[in-house]
Amino acid sequence: SAVISQKPSRDICQRGTSLTIQCQVDSQVTMMFWYRQQPGQSLTLIATANQGSEATYESGFVIDKFPISRPNLTFSTLTVSNMSPEDSSIYLCSVHRELSTEAFFGQGTRLTVV
Amino acid sequence: QQQVKQSPQSLIVQKGGISIINCAYENTAFDYFPWYQQFPGKGPALLIAIRPDVSEKKEGRFTISFNKSAKQFSLHIMDSQPGDSATYFCAAIGNTGNQFYFGTGTSLTVIP
């Protein structure tokens, strides 16, 4: 298995500000994934982050709003920029083991924008 | 477009009963079908998974039934317990990529 530490676990932010979420994995992984989980809804993939290259964003998500960094094989950050109440959600990072289809998740960051 | 459709949205079961959650997919390129369990304040955790070359997989009280021709799969929780109360997500992933497609989730409540 993979142990994923995600910080912060929750935050309440003012609209118009930005929040950076950190994701630390206990071993090296090629791909890291960022998801959004809105209340009572499924997980929606925001982007895939590979070390050494630009993140790949899914339809409906843009780099200006959700910039991602992937400085090494064990760490990534997701920033939620210029926040509005609509950004209130749980944000999750996820990894797959090499040659494995099993996905592991962090505990999530519960973001409330007021 | 929802790649994996899940039902019901919520489910209430008496302790000792059977909980059944259903999922359906369209993309025949999917070849791995996991179920995730999520407790409040936690990330999803893998519960059980199946590949389409088998029709059933059982681990303890949890069973996946898979119908390849119908493109449907379901999770059965036997002898449901209050500790099983959680949100369950089905998912699918294809053999050419790394992206998981998740169902919309089922909130299960097991009443003592």
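Residue numbers start from 1 in every chain, and the chains themselves are labelled A, B, ... in the order their sequence lines are given, proteins ahead of strands. Only heavy atoms go into these numbers, but all of them, side chains included; no hydrogens, no water, no symmetry mates.
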Non-hydrogen atoms of chain A under 4.5 Å away: do they reach the side chain of Tyr101(B), the backbone, both or neither? neither
Between Pro44(B) and chain A, with a heavy-atom cut-off of 4.5 Å, which part of the residue counts as in contact: side chain, backbone, both or neither? both
Measuring heavy-atom distances to chain B, does Leu92(A) have an atom under 4.5 Å in its side chain, in its backbone, in both, or in neither? side chain
Before we go on, tell me: are the rings of Trp34(A) and Phe61(A) under 6.0 Å apart, centre to centre? no
Given that the side chain runs from C-beta out, which part of Phe100(B) has a heavy atom under 4.5 Å from chain A: side chain, backbone, both or neither? both
Has Glu56(B) got more than 12 heavy atoms of other residues, nucleotides or ligands less than 6.0 Å from its CD? yes
Do Phe33(A) and Leu45(A) come within less than 4.5 Å of each other through their side chains, counting heavy atoms only? yes
Please classify the contact of Gln38(B) with chain A as side chain, backbone, both or neither, using a heavy-atom distance under 4.5 Å. side chain
Top contributor to chain B contacts, counting heavy-atom pairs under 4.5 Å, from Glu58(A), Arg110(A), Arg10(A): Glu58(A)
Contact origin within Gln37(A) toward chain B - heavy atom pairs under 4.5 Å: side chain
With a 4.0 Å cut-off on N to O distance, would you call Arg61(B) and Asp84(B) a salt bridge? yes
Salt bridge or not between Lys65(A) and Asp87(A)? Use side-chain N to carboxylate O under 4.0 Å. yes
Heavy-atom side-chain proximity of Arg36(A) to Phe66(A) below 4.5 angstrom: yes
